[in-house]
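The structure under discussion appears below in the form of structure tokens.
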Amino acid sequence: MGNTLTVDVVVAVNNTDRVLEEITRLVSQAIQEVADELVNEAQALAPVRTGALRESIHKEPIDELNVAVGSDAEYAGYVEYGTSKMAAQPYLTPAAISAREKLKLKLGGG
């Protein structure tokens, strides 16, 4: 009986590991999908003068559950937040807020 209990505990632990791996995979997939949507929405919201800002918006995976989305254009922050001589034209913040809500829905949290 002691061996059976040990085997059952090992099986339970192995199943837990598999369940956690599957949950991580599904959450990671949802994060990647929402990050793609965030990039698309930010690009759609970005003001266009030359198109360089729009084209510079991209995602970069950090790890399995984290993705950075942003722009490497030098002036991206000035456009997003404005300056003393130019009004803000937010494109990334509204897209990120929308993405947060989409991720909540995908994960069943709201």
Side-chain angles (χ1 to χ4, degrees):
M1 190 175 254
N3 289 338
T4 304
L5 179 58
T6 303
V7 170
D8 289 345
V9 168
V10 169
V11 168
V13 168
N14 286 339
N15 285 336
T16 301
D17 288 346
R18 282 191 216 114
V19 168
L20 289 174
E21 287 172 9
E22 181 63 9
I23 290 169
T24 300
R25 186 188 69 73
L26 291 171
V27 170
S28 177
Q29 179 181 344
I31 289 169
Q32 294 299 321
E33 289 171 3
V34 170
D36 288 336
E37 293 173 20
L38 195 163
V39 167
N40 292 336
E41 188 171 344
Q43 287 174 333
L45 293 172
V48 178
R49 189 168 180 183
T50 66
L53 176 60
R54 179 175 283 175
E55 292 302 313
S56 72
I57 300 169
H58 64 281
K59 74 174 187 176
E60 263 182 59
I62 296 172
D63 59 32
E64 197 171 17
L65 297 175
N66 293 285
V67 178
V69 175
S71 167
D72 51 13
E74 285 182 25
Y75 55 89
Y78 301 128
V79 175
E80 178 77 17
Y81 301 111
T83 68
S84 62
K85 297 180 182 185
M86 180 183 83
Q89 299 177 68
Y91 58 93
L92 194 55
T93 300
I97 291 167
S98 175
R100 179 178 55 204
E101 295 307 311
K102 289 176 185 177
L103 186 59
K104 282 182 189 177
L105 290 173
K106 279 185 180 278
L107 298 178

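- Formation of a donor-acceptor pair under 3.5 Å by the Glu64 side chain with backbone atoms of Ser28 is not found in this model.
- In this structure, NZ on Lys102 lies 4.5 Å from CD on Glu41, to the nearest 0.5 angstrom.
- From Asp36, atom CG reaches atom CD1 of Ile31 across 12.0 Å, with rounding to the nearest 0.5 Å.
- Leu103 is not listed as a side-chain neighbour of Arg100, based on a closest heavy-atom distance of 4.5 Å or more.
- Considering only heavy atoms from C-beta on, His58 comes within 4.5 Å of Asp72 through its side chain.
- The CG atom of Leu45 sits 10.5 Å away from the OG1 atom of Thr93 when rounded to the nearest 0.5 Å.
- Residues Tyr75 and Tyr81 fall into different hydrophobic clusters, defined by Ile, Leu, Val, Met, Phe, Trp and Tyr side chains chained together at heavy-atom separations under 4.5 Å.
- A continuous path of hydrophobic side-chain contacts links Val19 to Leu65 [ILVMFWY only; heavy atoms under 4.5 Å].
- Panel note: side chain Glu80, backbone Leu92; a donor-acceptor pair is recorded below 3.5 Å.
- The environment of Glu74 atom CD is sparse: at most 12 non-hydrogen atoms of other residues, nucleotides or ligands sit within 6.0 angstrom.
- The closest donor-acceptor contact from the side chain of Ser56 to the backbone of Leu53 lies under 3.5 Å.
- Tracing side-chain contacts under 4.5 Å through hydrophobic residues (I, L, V, M, F, W, Y), one never reaches Ile62 starting from Val69; they form parts of separate clusters.
- Residues Ile97 and Leu105 fall into different hydrophobic clusters, defined by Ile, Leu, Val, Met, Phe, Trp and Tyr side chains chained together at heavy-atom separations under 4.5 Å.
- In this structure, Arg18 does not pair ionically with Glu21, as no charged nitrogen and carboxylate oxygen lie closer than 4.0 Å.
- Looking at every heavy atom in both residues, Ala42 comes nearest to Ala95 through N-CB, 3.6 Å.
- Here the side chain of Thr24 pairs a donor or acceptor atom with the backbone of Leu20 at under 3.5 angstrom.
- Note: the hydrophobic cluster containing Leu107 does not contain Leu26 (ILVMFWY, side chain heavy atoms under 4.5 Å, direct or indirect links).
- Glu33 CD to Leu38 CG: the interatomic distance, rounded to the nearest 0.5 Å, is 13.5 Å.
- Of all non-hydrogen atoms in Arg54 and Ala46, the two that sit nearest each other are NH2-O, 3.4 Å.
- In this structure, Thr83 contributes its side chain and Tyr78 its backbone to no donor-acceptor pair below 3.5 Å.
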